[in-house]
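Take a look at the structure set out below.
Predicted, not measured: the structure shown is a model, and the values here were computed from it.
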Amino acid sequence: MKNVTDISREFAGICTDALGLVPHFGPLVQAIGLFGLEPRLRQLAALAVARTGQCPQIEKLHQLIGRAAGLTEDERRGDVTGLTAAERSAIALALG
């Protein structure tokens, strides 16, 4: 039976290899696990990665998910001035 670490590693590999996502996403998932961040912070990080990868479709998807996760309109547009130091650090880790 697979544990959460095995599933996270497998998921990271799929995202990085098969889907061609930003390579830093895989190590981030391995470091924190699939459910290691609260949904709001997970979406802030996902939006930052999508913007860096210049993928407007994925960015739009995470803007929609981010709304459901509680992101403000400003945060969904990329304004991070109101974030805590911990939130900024998590986003920096996601960006590698």
Next on the checklist: My understanding is that only residues two or more places apart in sequence, or in another chain, count here; which of them pass side chain to side chain contact (heavy atoms under 4.5 Å, CB included) with L61?
Outcome noted: I65
Next on the checklist: Please check this pair: side chain of Q63 against backbone of R76, looking for a donor-acceptor N/O pair closer than 3.5 Å.
Outcome noted: yes
Item to check | Step-by-step side-chain hydrogen bond (donor to acceptor under 3.5 Å, both in side chains) determination, T81 to D79 | outcome: CA-CA 6 Å; T81 56; D79 180 1; 2.8 Å; yes
Please list, one pair per line, the donor and acceptor atoms closer than 3.5 Å that link side chains of residues 43-50 to other protein atoms, with sequence neighbours excluded.
{"residue": "Q43", "atom": "OE1", "partner": "H62", "partner atom": "ND1", "Å": "2.6"}

Item to check | E75, R67, E73 screened by side chain to side chain contact (heavy atoms under 4.5 Å, CB included) with L71, the one that passes | outcome: E75
Next on the checklist: Please say yes or no: joined through hydrophobic side-chain contacts below 4.5 Å, possibly via intermediate residues, are V80 and L41 part of one cluster?
Outcome noted: yes
